[in-house]
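Below: one structure, written as structure tokens.
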Number of protein chains: 2
Amino acid sequence: MSGHRNPAVAVDVALVTIVDDRLAVVMVRRNQDPHRSQWQLPGGFVRLDESLDDAAGRVLREKAGINDVYIEQLYTFGAVDRDQRERVISVTYVALVTADRVADEFPDVALAFIEHAEHAATLALIVEGKSAAVAFDHADIVGLVVKRLRGKLAYVPIGYELLPERFTLLQLQRVHETILGRTLNKDSFRRTMLASGDLEPTGERQSDVGHRPAALYRYATTSL
Amino acid sequence: MSGHRNPAVAVDVALVTIVDDRLAVVMVRRNQDPHRSQWQLPGGFVRLDESLDDAAGRVLREKAGINDVYIEQLYTFGAVDRDQRERVISVTYVALVTADRVADEFPDVALAFIEHAEHAATLALIVEGKSAAVAFDHADIVGLVVKRLRGKLAYVPIGYELLPERFTLLQLQRVHETILGRTLNKDSFRRTMLASGDLEPTGERQSDVGHRPAALYRYATTSL
DNA sequence: ATAATAGTGTCTCTAAGACATTATATT
DNA sequence: AATATAATGTCTTAGAGACACTATTAT
């Protein structure tokens with residue numbers, strides 16, 4: 001078809017979760033050059049016989065032991081020199097998962113907390129309390145991940161992906177606040193969510209909470 | 001690095017404009033199989049020494065004679081069988097341009113009007129009055145283009161890209177209505193736009209319009 | 001004068017924010 | 001009883017929609 005060589009195509013997946021009201025992303029420690037011992041997103045090359053979405057799913061499974069999560073394509077990074085070894089185009093994905101499903105027994109895998117410097121363009125990834133060196137352009141990718149999640153939250157119900165099946169309104173609000181990086185008005189949040197039609201009362205309540213127990217809701221699967 | 005072969009990577013660009021209050025996209029007629037004589041978006045393979053963004057700009061220049069327009073990445077299509085000849089991953093872009101800048105002297109290039117079937121998931125591309133056959137998955141791409149533009153319009157001032165340098169509020173409203181596919185409230189649109197800070201009065205007015213002439217505005221380059 | 005759209009002023013309605021009050025669990 | 005959060009009700013405020021009225025040009 002053409003005399004040109006083809007670039008390599010990789011998928012990199014930002015698997016995002018929330019731990020203690022903090023946003024975190026699963027990262028893998030590199031054990032070879034370049035960027036040896038730095039942290040990168042789970043990724044891999046796309047095979048000729050699998051779609052991009054399938055490749056992203058496979059990467060999640062192989063590198064992080066995760067299956068069946070919310071995942072969507074984010075952006076494709078294609079600067080010429082983003083990998084110094086060869087030309088690599090990276091199709092990136094965002095995935096959301098509850099913290100309890102993040103397998104911590106995987107080697108060289110860690111949760112990196114995403115910290116926003118005050119009004120700064122950059123963000124820091126904190127692994128085990130220390131600011132982590134990030135390989136390639138993966139810090140840019142995580143930056144875009146946060147932007148995407150914030151933008152999406154206003155009109156797509158993605159908060160449920162980060163909560164157990166049954167949850168209270170306050171838990172949902174905390175998830176939104178963690179993603180947005182700011183506090184929300186409780187009354188307004190409550191009204192908006194209940195009016196959205198996305199919530200379904202389970203009829204159950206919390207227990208053992210030391211105060212009036214909140215009603216538990218689940219995500220209303222809008223199977224019309 | 002790996003024993004795998006690499007897929008081909010193409011960029012396809014949806015160059016969108018508005019003619020007579022109708023949304024249109026530039027398409028190129030194929031003169032070889034597969035899909036011979038069907039219409040496709042201007043596209044080309046990514047060279048190893050150019051970024052994705054550069055490749056998109058080059059495609060616009062070479063295939064449609066267009067330079068210096070608003071352009072942004074849309075989505076990357078990667079189904080295994082989207083091109084029956086070989087594995088091709090397509091990084092797609094949306095570009096916006098005023099109708100007068102669309103070069104009509106290019107061979108095999110035509111403006112395809114985008115028509116929305118009532119509440120249908122699909123859309124039709126009309127070339128010279130007839131519904132056009134679209135090659136590959138490019139109809140899906142155009143469908144996503146419309147979705148993206150609609151979503152973006154609410155919070156990013158992209159309407160200006162489809163208007164001459166000086167324009168009236170009603171012209172801007174028509175652009176928004178054309179993209180959204182519905183009428184907008186005039187009073188509210190006017191207030192919202194003037195309050196946005198994106199508009200700068202030129203002090204000039206229309207002439208030869210057969211009615212009270214409207215004030216002409218320009219896009220306020222927010223050079224803080 | 002007439003036609004046609006521009007532009008202003010005002011009223012209503014809806015949704016968000018603020019805040020007060022009552023309810024219900026654990027300790 | 002004390003404490004802590006849940007849940008409800010009401011008031012205020014901001015913005016969108018509706019609509020009436022005035023303004024300004026070409027014919």
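So you know, we letter chains A, B, ... as the sequences are listed, proteins then strands, and number each from 1. Heavy atoms only: backbone and side chains are in, while hydrogens, waters and symmetry mates are out.
Rounded to whole angstrom, the span from the CG atom of Asn185(A) across to the C1' atom of dT12(D) amounts to 13 Å. Nucleotide dG7(C) holds its C1' atom 9 Å from the OH atom of Tyr217(B), rounded to whole Å. Distance NZ (Lys186(B)) to P (dG15(D)): 22 Å, rounded to an integer number of Å. The interatomic distance linking Glu204(B) (CD) with dT25(D) (C1') rounds to 17 Å, in whole Å. The nearest whole Å value for the distance from the CZ atom in Arg174(A) to the C1' atom in dA6(D) is 13 Å. Distance CZ (Arg212(B)) to C1' (dA3(C)): 15 Å, rounded to an integer number of Å. Atom pair Asp208(B):CG and dA3(C):C1' shows a separation of 16 Å (rounding to whole Å applied). A straight line from CG of Leu184(B) to C1' of dA18(D) spans 15 Å, rounded to a whole angstrom.
Where Gln206(A) and Thr192(A) each meet DNA chain C at their nearest nucleotide, the meeting point lying more 5' is that of Thr192(A). Where Arg190(A) and His211(A) each meet DNA chain D at their nearest nucleotide, the meeting point lying more 5' is that of His211(A).
Within 6.0 Å of the CG atom in Asp21(B), the count of heavy atoms belonging to other residues, nucleotides or ligands exceeds 12.
Using a 3.5 Å distance cut-off with no hydrogens or angles, the side chains of Ser51(B) and Asp53(B) do not pair a donor with an acceptor.
Listed nucleotides: dC19(D), dG9(D), dA7(D). Nearest to the side chain of Asp187(B): dC19(D). Taking the side chain of Arg191(B) as heavy atoms from C-beta on, and the options dT24(C), dG7(C), dA16(D), the nearest nucleotide is dA16(D). With distances taken from any side-chain atom of Ala214(A) to the nucleotides dA18(C), dG17(D), dA7(D), the minimum falls on dA7(D).
Within the nucleic acid shown, Ser207(B) has no heavy atom closer than 4.0 Å to any nucleic acid atom. Among the protein residues, Leu169(B) comes within range of no part of the nucleic acid, since none of its heavy atoms lies under 4.0 Å from any strand. Ala195(B) comes within 4.0 angstrom of nothing in the nucleic acid, heavy atoms only.
Ring pair Phe136(A)/His138(A) is tilted by interplanar angle, where 30° to 60° counts as tilted.
For Glu115(B) (side chain) and Ala124(B) (main-chain N/O), no donor-acceptor pair under 3.5 Å exists by modelled atom type.
For Tyr70(B) and Tyr160(B), the distance between ring centers is not under 6.0 angstrom.
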